[in-house]
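Counting convention: from 1, in listed order, for ligands and their atoms alike. Since the structure is predicted, the reported quantities are computational estimates derived from the model, not experimental observations. What's counted below: heavy atoms across the whole structure, side chains too, no hydrogens, waters or symmetry copies.
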Amino acid sequence: MSGALPVGRRAVIIDCDPGTDDALALWLAIASPEIDLRLVTVVGGNAGLARTVANARAIVGLAGNPVPVVPGAERPLRGRFAGERAVHGDDGLAGVVLPEGPPAVQALAADAIRAVLRDASAGSVTLVGIGPVTNLALALATEPALAGRVREIVLMGGAWGEGNWTPAAEFNAASDPEALDILLSLGPPVTLVTLELTMQALVTPARVEAIRRLGGGACLRAACDIMAAVPPSRRLGGEGHALHDACAIAWLVAPALFHAERVGVEVDCGPGPARGRTHVDRWGRSKAEAQVTLPETLDTEGFFALLGTRLSRLP
Ligand code: RIB
Ligand code: CA
């Protein structure tokens, strides 16, 4: 199996925790005609909710996009968010300062997501989760009938093997495993963009400079400044860092860049060291239903060419 549904313009809600790679994902989505961005909702995660909301406002504001930004959960269904300041800094954008964006909408993310879904026709809205998926789970778990309005749920999260937050778990999955477990069991088709996929979108100084040389406006420059400011990943050999969240958007706009398989996925919601681990059954050994589409390979050069071309379209 390869690629997602045929590429056409689709209505999309993005839930995020900006977050340096969230910024790139939002700008890629805004710059892509294949995406009709209806709503941006925000969750605490990489930084506190006040920061992630301010960053989301600034990111969409710099792109001059009127999409509503709505705050959501500042804690997971159980416990607390811990923040990932080693990667994103205390401000969430690795120290890159953007002009203040338009005000957030005074509402709650889960309510705003449900309002968009209620207005939608069956199977017409794509939900993209690029942070802990607390808001998406709250929206759908409290009104399960709305799941029928969802075309696809695309999540950056999880890992086949080693985690990047604990030895067992990837950050988004580890931050709210119960929320991820709810989304995997609700019914709409789920595509899970794991660490093994995103490590193929390795940001290196050469790739940043190649994008910067394209010229473009304030968004491209800020995107390159942010990518340049994120420290290289020890897990990936110190050569660069993975542009995790933008891969989830690329899946929607350029599925031909990917090869994907159908697999079964279970989330460990226990209290132990494996909490948040996504057990990916790649070979059908568990006899569990293969309910998840798992992009396995990425055309890396094609990905960065797409990213640069789209960023250069932004103001
Ligand atoms: O593990 C990577 C994920 O955690 C990305 O979404 C990044 O922004 C952080 O939220
Ligand atoms: Ca994120």
Exercise for the section: Just jot down the side chain to side chain contact (heavy atoms under 4.5 Å, CB included) partners of Ala305, sequence neighbours excluded, or say none. Expected result: none
Handout entry: Polar atom proximity, His244 to ligand 1 (N or O, under 3.5 Å)
Key = no
Handout entry: Cluster link Leu186 to Leu155, ILVMFWY, side chain under 4.5 Å
Key = yes
Handout entry: Residues Glu239 and His241: side-chain donor-acceptor under 3.5 angstrom
Key = no
Exercise for the section: Please check if any side-chain donor atom of Thr166 sits under 3.5 Å from a side-chain acceptor atom of Arg277, or the reverse. Expected result: no
Exercise for the section: Could you list the atoms of ligand 1 found under 4.0 angstrom from a heavy atom of Met156? Expected result: 2 (C), 3 (C), 5 (C), 6 (O)
Handout entry: Distance-only side-chain donor-acceptor flag, Asp176 / Thr134, under 3.5 Å
Key = yes
Practice task
Considering only NZ, NE, NH1 and NH2 on the basic side and carboxylate oxygens on the acidic side, decide whether Arg10 and Glu34 come within less than 4.0 Å.
Solution key: no
Practice task
Verify whether one side chain among Thr278 and Glu266 offers a donor that lies under 3.5 Å from an acceptor in the other.
Solution key: no
Exercise for the section: For the residue pair Arg151 and Thr126, confirm or rule out a side-chain donor-acceptor distance under 3.5 Å. Expected result: no
Practice task
Heavy-atom distances under 4.0 Å are what count here, so tell me which part of Asp22 touches ligand 1: side chain, backbone, both or neither.
Solution key: side chain
Exercise for the section: State, without any angle test, whether Asp21 and His244 hold a side-chain donor-acceptor pair at a distance under 3.5 Å. Expected result: no
Problem - ligand 1 versus Asn164: contacting region, heavy-atom distance under 4.0 Å - result: side chain
Exercise for the section: Check ligand 1 against Glu170 and write out every atom of the ligand that is under 4.0 Å from a heavy-atom position of the residue. Expected result: 1 (O), 2 (C), 3 (C), 4 (O)
Practice task
Mark up the atoms of ligand 1 that fall under 4.0 Å of a heavy atom belonging to Asp21, in ascending order.
Solution key: 5 (C), 6 (O), 7 (C), 8 (O)
Exercise for the section: Report yes if the side chains of Val43 and Phe81 come closer than 4.5 Å at any heavy-atom pair, otherwise no. Expected result: yes
Problem - ligand 1-proximal atoms of Ile130, by part, heavy-atom distance under 4.0 Å - result: backbone
Exercise for the section: From the options Asn46, Thr194, Thr52, Thr198, select the one whose nearest heavy atom is closest to atom 9 (C) of ligand 1. Expected result: Asn46
Practice task
Considering only NZ, NE, NH1 and NH2 on the basic side and carboxylate oxygens on the acidic side, decide whether Asp225 and Arg212 come within less than 4.0 Å.
Solution key: yes
Completion exercise
With a cut-off of 3.0 Å, strictly less than, protein N/O/S atoms near the Ca ion (ligand 2) add up to 5
Completion exercise
Numbered in order shown, the ligand 1 atoms found under 4.0 Å of a heavy atom of Phe171 are 1 (O), 4 (O), 9 (C), 10 (O)
Problem - Protein contact of atom 6 (O) of ligand 1 - nearest heavy atom, named by residue and atom, plus distance - result: Asp245 OD1, 2.6 Å
